[in-house]
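Heads up: the structure comes next, in structure tokens.
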Amino acid sequence: MELICPAGTPAAFHEAVDAGADAVYCGFRDETNARNFPGLNFSREELKQAIAYARKKGCETFVALNTFMRAGAEDIWYRGAADAIACGADALILADFGLMAHVAEKYPEQRLHVSVQASASNPDAINFLVDTFNAKRVVLPRTLTIADIARIGKSIRCEMEVFVFGGLCVMAEGRCSLSSYATGKSPNMNGVCSPASHVRYRKDGRDLVSELGAFTINRFPEGEAAGYPTLCKGRFDIADSSGYAFEDPVSLDVMGELEALKAAGVSALKIEGRQRGKAYVAEVVKVMKAAVNSPPEQRGALLSRLRSMSEGQKTTSGAYEKRWR
Amino acid sequence: MQLIPPLLTRPLGVVPLVVIERICRLMFKRIGTAHPGLFERLGEHKAKRYAFLPTDVPLAFVVEPASETIFVSRKTAELAADAVTEAPLFMLLALMEGRCDADALFFSRDLSVTGDMEAMLAMRNALDASTIDLSKDLARLAGPFAPLAGRVIGEIRNRALGGEATAWN
């Protein structure tokens with residue numbers, strides 16, 4: 001199975017390639033990219049150089065243009081696609097059906113992957129994108145069980161890529177409006193979930209309080225590991241109880257289920273984390289590469305090294321092994 | 001990660017600030033010369049002021065990317081900055097080199113950030129995208145003794161980080 005690794009900067013890109021990535025995914029420094037964070041991402045020239053570097057080392061580059069086009073401003077996305085193809089991208093990762101149609105028509109030879117942001121999570125939806133836009137691969141949402149993935153795999157006519165490690169989005173990606181509700185900005189339209197411009201951390205006594213827009217998301221007592229200020233991982237007061245209604249501040253790790261994912265027909269394993277630093281990318285890719293090439297009984301020890309780098313310093317298999325609370 | 005022993009930081013309380021600031025500006029200029037595009041990624045956040053407060057040193061450092069200047073003050077002085085990062089000194093230096101992942105240190109509560117998060121995130125990404133290597137960049141200040149200085153700085157860094165944050169290639 002291929003290992004698909006994240007890069008938010010050229011420095012992180014080099015780390016991912018050198019650590020053994022089979023493919024690196026990245027995006028432009030604009031709203032075409034669902035990781036449109038300040039200071040992150042690639043200029044056209046940086047992408048061109050990165051692709052050349054990867055190609056020399058036998059590594060592929062996938063370019064994510066995975067936000068939804070704004071009516072009247074489609075040209076920003078069309079130019080993004082044209083430039084990524086001109087730079088030599090091995091695949092484009094797209095979410096917007098209009099952009100898929102544009103790429104399929106103008107660049108029929110270009111390999112097209114369906115982004116997780118497209119929310120294609122059943123055989124009918126996926127096969128529609130395969131038949132209509134010649135999509136070669138679908139990135140599945142993190143809301144499916146492994147049994148769901150296996151069932152889908154039997155009925156679709158393209159490759160499957162799944163997230164196996166890193167940030168855990170528990171919502172129907174591409175459809176979630178929580179960030180938009182709290183801040184007016186979303187990953188779908190602006191490329192930012194819980195944008196830093198609306199985030200505040202403040203100390204209240206010994207507690208760390210995180211706020212997003214007008215909402216208090218969490219209060220971490222001293223010594224408790226902190227998390228990102230996303231509504232889906234906020235601590236809520238519900239009736240007489242206080243706790244995490246959707247998901248704890250925690251990261252995804254399903255490397256323990258590698259054999260089951262392989263049996264389900266998954267062909268590529270994706271690491272989340274384009275917003276993370278190059279030290280994280282280097283370490284995670286190195287460990288994940290070793291884990292993929294190790295017998296199952298050795299993987300646990302290898303991956304335990306990564307837990308301290310994870311959100312909340314905890315990991316979960318999430319929906320892949322769904323157990324309702 | 002090693003903290004600076006109080007025995008070493010105590011003299012900083014009596015050394016004139018102007019001397020410390022001059023040394024810091026020399027090093028800051030050296031890094032800027034070695035990495036001319038360092039702050040390009042800041043975009044609109046280039047005009048802001050970034051404070052770095054080492055928890056184990058009685059000094060505060062404020063970086064002003066627009067004027068490419070660093071200011072040093074005692075921690076007791078009032079701080080004029082848009083965003084503030086607090087962590088032990090060696091951790092801040094490791095972050096500058098991209099040897100540690102800032103998010104991971106934030107999760108573990110070893111590092112705290114207050115103020116304008118977007119600006120500090122941009123700064124983190126700008127530093128992470130650079131290839132700052134203090135043992136190489138600062139050693140050049142030692143002129144003919146640069147190779148020796150580089151080895152000394154590298155050794156101090158390895159000991160300070162305790163092998164836990166030397167991941168990048």
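A, B, ... follow the sequence lines: proteins, then strands. Residue 1 opens every chain. Note that these values count all heavy atoms, side chains included, but never hydrogens, waters or copies made by symmetry.
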Under a 4.5 Å heavy-atom cutoff, which of A/G312, A/G227, A/P38, A/A11 has the most pairs with chain B?
A/P38

If you take all heavy atoms of A/T9 and B/N125, which pair is closest and at what distance?
CG2-O, 4.3 Å

Closest contact, heavy atoms only, A/R276 versus B/F107
NH1-CE1, 3.9 Å

Below 4.5 Å from any heavy atom of chain A, which atoms of B/L42 appear? Answer side chain, backbone, both or neither.
neither

Atom NZ of B/K136 with >12 non-hydrogen neighbours under 6.0 angstrom
no

Pairwise distance CD(A/E224) to OG(B/S108) - rounded to 0.5 angstrom
13.0 Å

Are B/D128 and A/Y280 side-chain neighbours, meaning at least one heavy-atom pair lies under 4.5 Å?
no

Would you indicate whether the side-chain heavy atoms of B/E118 and A/P195 approach each other to under 4.5 Å?
no

Looking at A/H198, A/E311, A/R202, which one has more heavy-atom pairs under 4.5 Å with chain B than the rest?
A/E311

So, A/K278 side chain and B/S130 main chain: donor-acceptor pair closer than 3.5 Å or not?
yes

Do you know the tightest heavy-atom contact between B/G98 and A/A279?
O-CB, 3.4 Å

Taking side chain as everything from C-beta outward and backbone as N, CA, C, O, which of these in B/A102 sits under 4.5 Å from a heavy atom of chain A? Side chain, backbone, both or neither.
neither

B/L8, CG: over 12 other non-hydrogen atoms inside 6.0 angstrom
yes

Return yes when atom NZ of B/K29 has more than 12 non-hydrogen atoms of other residues, nucleotides or ligands closer than 6.0 Å, and no otherwise.
no

Looking only at heavy atoms, which two atoms of A/K203 and B/S112 are closest? And how far apart?
NZ-OG, 3.6 Å

Rounded to the nearest 0.5 Å, how far does CZ of A/F37 lie from CZ of B/R124?
9.5 Å

Within the supplied structure, the quantity of interest is the number of heavy atoms (other residues, nucleotides, ligands) at a distance under 6.0 Å from B/E68 CD; does it exceed 12?
no

Counting C-beta onward and ignoring hydrogens, is there a side-chain heavy-atom pair between B/R109 and A/F220 closer than 4.5 Å?
yes

Look at A/E283 together with B/R99 and state whether they make a salt bridge at an N to O cut-off of under 4.0 Å.
no

Chain B contact via A/A12 - side chain, backbone, both or neither, heavy atoms under 4.5 Å:
neither

Quick one: what part of A/S308 sits under 4.5 Å from any heavy atom of chain B, side chain, backbone, both or neither?
backbone

Contact part of A/S310 toward chain B, heavy-atom cut-off under 4.5 Å: side chain, backbone, both or neither?
backbone

So for atom CZ, which belongs to B/R74, do other residues, nucleotides or ligands contribute more than 12 heavy atoms lying within a distance under 6.0 Å?
yes

Enclosure of B/F145 CZ (heavy-atom neighbours >12, cutoff 6.0 Å):
no

Is there side-chain contact between A/S197 and B/M117, with heavy atoms separated by less than 4.5 Å?
no

